[in-house]
**Student:** 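To start, I am sharing the structure in question, which I have written as structure tokens.
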Amino acid sequence: RTLALEECALWMPTRTGLELQLSYTLRQQNPVGYTVPIHLPVVNQVFSSNCAVKISPNSPVARLRQLAGKHIPGEVVAVRVPLLHLSNFQINDWPELSTKRYALMVLMLPSDSARQWHVHELELVEVVADQVAVALSHAAILEESMRARDLLMEQNIALDLARREAETAIRARNDFLAVMNHEMRTPMHAIIALSSLLQETELTAEQRLMVETILRSSNLLATLINDVLDLSRLEDGSLQLEIATFNLHSVFREVHNMIKPVASIKRLSVTLNIAADLPMYAIGDEKRLMQTILNVVGNAVKFSKEGSISITAFVAKSESLRDFRAPDFFPVQSDNHFYLRVQVKDSGSGINPQDIPKLFTKFAQTQALATRNSGGSGLGLAICKRFVNLMEGHIWIESEGLGKGCTATFIVKLEFPERSNESKLPFAPKLQANHVQTNFPGLKVLVMDDNGVSRSVTKGLLAHLGCDVTAVSLIDELLHVISQEHKVVFMDVSMPGIDGYELAVRIHEKFTKRHERPVLVALTGSIDKTTKENCMRVGVDGVILKPVSVDKMRSVLSELLEHRVLFEAM
């Protein structure tokens, strides 16, 4: 309006940068979207100048009006408009001209007019072009910001969906693990309980050895079930070691005795070499250490068809502790602890060196091993690595190739019993053998379990210890028979479809005085933090992890009758 223009148009570069596209017109008489090549001579002429340039009314960028008959086109000028995008802006650094892209603004005086462009008008056009540049830059920045916002919203929606799917998968996994934990512990409870009952009968030496082997293997399997099925504790690092004093030499002898019958079937010789300087007793997690040794030796037996297997145990010397394979392993020498080094060497099938890292990955097996029908889930060494890491150690495998055998080595940190400080005393067994009551004649006990086998086994354990046992399978049945005469109630809180915590609340409501109420003990397949908190919330006095042996039940009853509380360690 100020310049009384007939037409004003803005040509914007396309995304490819090879064309100019008609984007805006003053009179809106022309098809927006029309394009011309960006390398036209007239375009290059305007882009190379920072001033407004007069151009021919017949140039492609100026043919925006219909001219017919006597109409004489008015003068046309064009000026470049620098375009700045969000990516052009840098802190304390305005973009160089060479980095700019340009739009083209074309301004036309009315046709059949004697008007010409004056210098002051051209100067005004140049100023306007700068203002348009600022406006377009702001618009471009806003557009990019909105595009980034929309992209961020899409990503947030996708992340939220992925999070919900992951949470659903975790809940499904946890539900599956809870059911499997309960279902797998029921037969284990029967095996261990009945084996421990059988152990207390008259047996020949050979029979006793067999029963003891069954018990040892069952206990190791129960520990494995506890650790494998509760994958969340392994994944989030909450798995805690059970620290106690144990006979280190006996651990190796037990592994040797357990593995010899299997090896003899394959005609493999298994030798055990315990160094003279290896302490007889140590402080650490006996079960996890035995499980690690047994798994490594078991692999040696599994993948050896002939030849021999050697197990060597000794105290690692300071010069042999640092290993290039474990840059994150930093052993620290002290008078209070030592590093046990165990080496298992076999003459078996061997492995390609490049496949060795895969051995410590969950559910992964190398092709060479997987094709041998060796069985296994691929979890063993992955769990061993976790255990070794918890014991502040390091595990590795060496092999020169297929058919050349393997050497598995691990180092773990253990403490000297006589040099340990008092902080380890709480981990010692609470009940010494001479303080444990051996029998409980006439002690009235209630057992509630929905599984008939598990219920019968628990009842058998208690009856063997002299208890007067009543076993039920339903909440209403238990509430009907329970009385002040009952001193202890054992109940499975993990029964499908039955709320064991609700039962505890209803027992508390029935017996308002504490001395009249029996001691409530939860039998469960998982003693995680949530289970313990739920049990304490509803007033359960003790939590016991299945499976339970005769000795464990004897200790449990002694502790409960003396202190009326017992929460087994996780």
Side-chain angles (χ1 to χ4, degrees), residues 182 185-186 189-190 193-194 196-197 431 435-525 527 531-568:
H182 181 265
R185 283 187 178 280
T186 298
H189 180 49
L194 295 177
S196 63
L197 287 173
L431 300 170
H435 292 157
V436 177
Q437 191 175 336
T438 57
N439 283 294
F440 307 85
L443 180 68
K444 292 183 74 67
V445 178
L446 261 175
V447 174
M448 191 190 81
D449 198 318
D450 66 322
N451 185 280
V453 173
S454 182
R455 187 168 62 247
S456 298
V457 167
T458 305
K459 181 178 179 180
L461 284 175
L462 293 165
H464 179 76
L465 297 176
C467 299
D468 180 3
V469 188
T470 302
V472 297
S473 59
L474 300 172
I475 289 181
D476 292 339
E477 191 179 355
L478 184 143
L479 292 172
H480 178 70
V481 301
I482 193 171
S483 68
Q484 294 183 19
E485 295 181 355
H486 292 103
K487 302 302 179 185
V488 184
V489 175
F490 287 95
M491 54 187 182
D492 189 337
V493 294
S494 305
M495 296 178 290
I498 299 177
D499 190 345
Y501 304 117
E502 179 192 349
L503 173 60
V505 172
R506 293 176 67 176
I507 292 175
H508 274 274
E509 292 173 350
K510 186 168 184 175
F511 300 94
T512 55
K513 296 181 180 179
R514 189 173 187 273
H515 68 275
E516 295 177 352
R517 176 179 59 80
V519 177
L520 304 182
V521 182
L523 286 170
T524 177
I527 306 185
T531 302
K532 278 192 173 184
E533 288 177 350
N534 287 336
C535 287
M536 296 178 73
R537 176 176 53 82
V538 298
V540 173
D541 302 298
V543 181
I544 306 301
L545 182 66
K546 290 182 181 179
V548 184
S549 64
V550 171
D551 288 338
K552 185 174 179 178
M553 184 62 79
R554 187 179 284 123
S555 298
V556 164
L557 286 174
S558 295
E559 177 80 359
L560 286 170
L561 294 177
E562 183 177 353
H563 302 291
R564 288 186 65 89
V565 63
L566 175 61
F567 281 83
E568 196 167 68

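On a predicted model such as this, the values are computed, not experimentally measured, just so you know.
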**Student:** Could you give the distance from OH (Y501) to CG (N534), rounded to the nearest 0.5 Å?
**Tutor:** 4.5 Å

**Student:** Sequence neighbours left out, what pairs pass salt bridge (charged side-chain N to carboxylate O under 4.0 Å, His left out) with at least one residue falling in residues 463-474?
**Tutor:**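 Only K444-D468 qualify under salt bridge (charged side-chain N to carboxylate O under 4.0 Å, His left out).
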
**Student:** Could I get the full list of side chain to side chain contact (heavy atoms under 4.5 Å, CB included) partners for S483, not counting sequence neighbours?
**Tutor:** E485, H486

**Student:** Do K487 and P518 touch side chain to side chain, with heavy atoms closer than 4.5 Å?
**Tutor:** no

**Student:** Side chain to side chain contact (heavy atoms under 4.5 Å, CB included) with R506: which residues, sequence neighbours excluded?
**Tutor:**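 Applying side chain to side chain contact (heavy atoms under 4.5 Å, CB included) to R506 gives I475, D476, L479, E502, E509.
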
**Student:** Which heavy atom of K552 sits nearest to which heavy atom of I544, and what is that distance?
**Tutor:** CE-CG2, 3.9 Å

**Student:** When you compare the side chain of L465 with that of V550, does any pair of heavy atoms fall below 4.5 Å?
**Tutor:** yes

**Student:** Of all residues at least two apart in sequence or in a different chain, which pass the side chain to side chain contact (heavy atoms under 4.5 Å, CB included) check with A504?
**Tutor:**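 Checked A504 against side chain to side chain contact (heavy atoms under 4.5 Å, CB included); matches are M491, L520, V538, V540.
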
**Student:** Determine the minimum heavy-atom distance between E516 and F511, stating which atoms define it.
**Tutor:**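 Between these two residues, the closest heavy atoms are O-CD2, 3.7 Å.
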
**Student:** State, to 0.1 Å, how close R517 and G539 come at their nearest heavy-atom pair, and which atoms those are.
**Tutor:** NH1-O, 4.2 Å

**Student:** Within a strict 4.5 Å, meaning less than it, do heavy atoms of the D541 and V521 side chains meet?
**Tutor:**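 D541 vs V521: side chains apart.
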
**Student:** Checking side-chain hydrogen bond (donor to acceptor under 3.5 Å, both in side chains) for the pair D450/S473: CA distance, chi angles, key distance, verdict?
**Tutor:** CA-CA 5 Å; D450 66 322; S473 59; over 6 Å; no

**Student:** Just so I know, are the side chains of V543 and L545 near enough to count as touching, which here means a heavy-atom distance under 4.5 Å?
**Tutor:**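 With C-beta onward as the side chain, the pair stays apart.
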
**Student:** Closest heavy-atom contact between A193 and V457?
**Tutor:**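 Shortest heavy-atom separation between A193 and V457 comes out as CB-CG1, 3.0 Å.
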
**Student:** For a 4.5 angstrom cut-off between non-hydrogen side-chain atoms, does L462 reach M553?
**Tutor:** yes

**Student:** Can you list every pair that meets salt bridge (charged side-chain N to carboxylate O under 4.0 Å, His left out) and has a residue in residues 453-463, with sequence neighbours left out?
**Tutor:**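 Counting only pairs at least two positions apart or across chains, no salt bridge (charged side-chain N to carboxylate O under 4.0 Å, His left out) contact touches residues 453-463.
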
**Student:** Are the side chain of N439 and the backbone N or O of P441 linked by a donor-acceptor pair below 3.5 Å?
**Tutor:** no

**Student:** Would you mind reporting whether S196 and L461 have side-chain heavy atoms less than 4.5 Å apart?
**Tutor:** yes

**Student:** Are the side chains of L557 and C467 in contact, using a 4.5 Å heavy-atom criterion?
**Tutor:**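 In contact.
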
**Student:** For the residue pair V469 and A463, what are the closest heavy atoms and their distance?
**Tutor:**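 It is CG2-N, 3.9 Å.
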
**Student:** Name the one of N451, V445, L523 that satisfies side-chain contact (heavy atoms from CB on, under 4.5 Å) with T458?
**Tutor:**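 Among the candidates, only L523 passes.
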
**Student:** The criterion is side chain to side chain contact (heavy atoms under 4.5 Å, CB included); which residues satisfy it with L478, sequence neighbours excluded?
**Tutor:** L446, M448, V472, I482, V489, L503, I507

**Student:** State, yes or no, whether a side-chain contact exists between K546 and D492 at a heavy-atom distance under 4.5 Å.
**Tutor:** yes

